[in-house]
Amino acid sequence: MVEKAMEKSRPLWDNPLQFVFACISYAVGLGNVWRFPYLCQMYGGGGFLIPYLIMLIAEGMPLLYLELAVGQRMRQGSIGAWKIISPYLCGVGVASVVVSFFLSMYYNVINAWAFWYLFHSFQDPLPWATCPLNSNRTGYEEECEKTSSTQYFWYRQTLNISPSLEASGSVQWEQALCLTLAWLVVYLCILRGTASTGKVVYVTASLPYCVLIIYLIRGLTLHGAVNGLIYMFTPKLEQLLNPKTWISAATQIFFSLGLGFGSLIAFASYNEPSNNCQRHAIIVSLINSTTSIFASIVTFSIYGFKATFNYESCINKVILLLLNAFDLEEGSLTADNLNEMKDYLMATYPLEYAQLVPQIKNCSLEAELDTAVQGTGLAFIVYSEAIKNMEVPQLYSVLYFFMLLMLGIGSMLGNTAAILTPLTDSRAIASRFPKEVISGVVCFVNCIIGLIFTMEAGNYWFDIFNDYAATLSLLLIVLVETIAVCYIYGIRRFEKDLYTMIGHKPNWYWKIMWAFVSPLLIISLFIFYLTDYILTGTLQYQAWDATQGQLVTKDYPGYALAVIGLLVAASTMCIPLGALVTFIRKRLKREQISTVA
Amino acid sequence: MLRALLLTLSVVAIAHAELCKPDAQNAFKVRISIKTALGDNAYVWDANEEYLFKAMVAFAMRRYSSKSTTQISNVLLCNVTDRVSFWFVVTDSSKNVTTVPGSEVEAAIRMNRNRINNAFLLSDKTLQFVKITTTLSPPVESSTPVWLIVFGVVLCLIVAGIVFLIISGIRKHKKKNKESTERENLEEKVEVTLENGIPCEALDIKAGHVNGVFAADDERFTSL
């Protein structure tokens, strides 16, 4: 019997611009700001752009176009879309939803931290500018003395981090409040589906660029910014021979575009069927990469400023030490004559100088610039350290953390869309509950689980999720997606679909990339990751040691390794399980039909 | 007569030299960084400034012990270097040729540190008494942390937005229900089901099996 498809008309974006902004808002995220500059620095400076752009053309654009086209054609979330491609592939959709679920659990914690820093920016002086005093007010807190005030603020006052993963500690109520606020903000944005999301993405997509431009102007005019820029852009072309460079470029393009989560499929499913997704795919991927490069210019001018500041402080400390030790006149030792004066003093007062030698640090600008940092360390420690030394630091601090918030919320909108679209598409759930309730339940569940990351050991769990929840699974998901579209659905059928949608068939570049190059790239990435995991043996993490004031490496305990295994298995196993379940269902149906007939 | 005077003077000078020398008992080293503090407005450290310093130390001793016996001549300075740094001791005129205990001097200086700093337009860092630790001023703390106030404001705004959107959504839903029930009462419901903009009726002519292999429930027909 034919079922009547009683379908309300699917909500659409008000105009194609909303769709493009939504994709940009989702793809341009924190990774562009805190991962790309690090990779650029590690793998050859300006030379890194070569593998990066090659991978963009070989991998980024084709896969993005593929996902957008699938979503726009099938007009369903990830589960429905892959079911249409082939009923045995419903597992791929489920795997995407599971990975998105893991991601949204831990990603919003970053927004909570951004809120925390943002609220603390309304003080003079900034709370991370100075160390707090110890109990008898004769000096600064011991932990803060050993490390810097910005690191102390991050590790002690924000995270209140415990010395290891095993020491869980209690939930930090301040962080829990910020996390709740972050989820309320996300709920407000997704409450009405595309109607509300479509308006919000105008802000979340454009505001970060305004802030980046302000920071670019401010950053380039900072003292010492040029040092950072020269350091970054001097190409070290010998790094091109290092295979890790190419792998990092491929990985960065892959994860930066947010492929495989189902968010792009979800966004594209709300498009008009005749939307030119080819043009949009090219635009979005180009904007994403350009933003990465733009953000790294800003980051490196900030690096240069911070490194120069620290270098000059170091020199001034050495000068003061020598002035005090030898009672020389103020101003006789400057940065320029320091080396000659050091030799002179060593010759004239050999004994006293020898006593001082352990205290005299060798200040080096290169060493300061070489401290490559990525991730939360860059965003919350390095940047806040640079900001505290600027004029009117409160203004720059507010702008910067507001930008981080916009980037984070933009990505969260995509993540939640990836979870909600399949749920609202499924008639079983959507008919019983309005979408406000479904969104509310998803946000609430995520918020409760996210409280784990606000505990004292929360940052260690965050690192586990960040490193393992999405990496291997996504590679597998996208690999299956590409092979499914090219070989199971058939590339000719896909061509015809594209022809009906946008009016012209994709040319040979797209077809070659989809059929051969991208799958090969993903397979090699996959093999690399697996061998890397196997070769490293035990997995380790960085724990904060309060007594030393620095990070130390520790091994993961058994149950943490089990959780990692579960995270990876939960999503990857969905693919074969889905195929198996569908197969069994069809066998049962066929037996039913054959017994009836 | 003259010889006796000379003798006493030299004895006093030697005694002073004995009392005030680097690392002497109850002696303190002072380090002054005028150029760092004042830059272009830096003054030169000369005998007048030394006199002022002796006066300030005497003032501090008087204020601390509340007996007006300390004179400027009781404060001895020595070993002035280019840095500018020097040593000083405070002698006790009541007991001949002895110095006031270091703890008293330290306490007196601590109590009047602010006055001494201001006399020289310097700060705790630029007028440094080596071995006398300063009491650091605590940062200004308001009763309610500022961040909670900002948090409260933002939270109220967001919750207001959510409540507004939910209520307007419920109202719209109710209005739509009322309208649809009105329409039901007025006319016969004509159900037009749409598939990609094409009425299903036109496509729904065939009555037969749907091939289960292709999950045709969701099969989309390409638009015309």
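Letters go in sequence order (proteins before strands), and every chain restarts at 1.
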Query raised in the report: Quick one: CG on A:Leu181 to CG on B:Leu157, what's the gap to the nearest 0.5 Å?
Result: 10.0 Å
Query - Least distance between heavy atoms, A:Arg192 atom then B:Leu165 atom - result: NH2-O, 3.0 Å
Query raised in the report: By a 4.5 Å heavy-atom criterion (distance strictly below it), what part of A:Asn324 contacts chain B: side chain, backbone, both, or neither?
Result: both
Requested in this report: Give me the one residue out of A:Trp116, A:Tyr117, A:Phe115, A:Phe122 that meets side chain to side chain contact (heavy atoms under 4.5 Å, CB included) with B:Trp147.
Outcome: A:Trp116
Query raised in the report: Can you name the residues of residues 50-59 of chain B that have some heavy atom under 4.5 Å away from a heavy atom in chain A?
Result: none
Query raised in the report: Counting only heavy atoms not in A:Glu145, do more than 12 sit closer than 6.0 Å to its CD atom?
Result: yes
Query - Heavy-atom contact with chain A under 4.5 Å, split by part of B:Val130 - result: neither
**Report entry** Atom group of B:Ile170 that falls short of 4.5 Å from chain A, counting heavy atoms
**Finding:** neither
All N/O donor-acceptor pairs, side-chain side in residues 34-43 of chain B, below 3.5 Å, sequence neighbours left out:
residue	atom	partner	partner atom	Å
B:Lys35	NZ	A:Glu329	OE2	3.4
B:Lys35	NZ	A:Glu330	O	3.1
B:Thr36	OG1	A:Glu330	OE2	2.6
B:Tyr43	OH	B:Phe120	O	2.6

Report task. Return yes when atom CD of A:Glu142 has more than 12 non-hydrogen atoms of other residues, nucleotides or ligands closer than 6.0 Å, and no otherwise. Result -> no
Query raised in the report: Rounded to the nearest 0.5 Å, what separation is found between the NZ atom of B:Lys29 and the CG atom of A:Asp327?
Result: 4.0 Å
Report task. Specify the closest pair of heavy atoms between B:Ile162 and A:Leu188, including all atoms of both residues, with the distance to one decimal. Result -> N-CD1, 3.5 Å
**Report entry** Toward chain B, the part of A:Leu177 with a non-hydrogen atom under 4.5 Å
**Finding:** both
Report task. Write down the atom of B:Ile166, the atom of A:Leu191, and the distance for their closest heavy-atom approach. Result -> CG1-CD2, 4.1 Å
Requested in this report: Specify whether B:Phe151 and A:Phe119 have parallel, tilted or perpendicular ring planes, treating 30° as the upper limit for parallel and 60° as the lower limit for perpendicular.
Outcome: perpendicular
**Report entry** B:Ser33 side, atom OG; A:Leu323 side, atom CG - distance, nearest 0.5 Å
**Finding:** 8.0 Å
Query raised in the report: Crowded around A:Phe402 CZ? As in, over 12 foreign heavy atoms under 6.0 Å?
Result: no
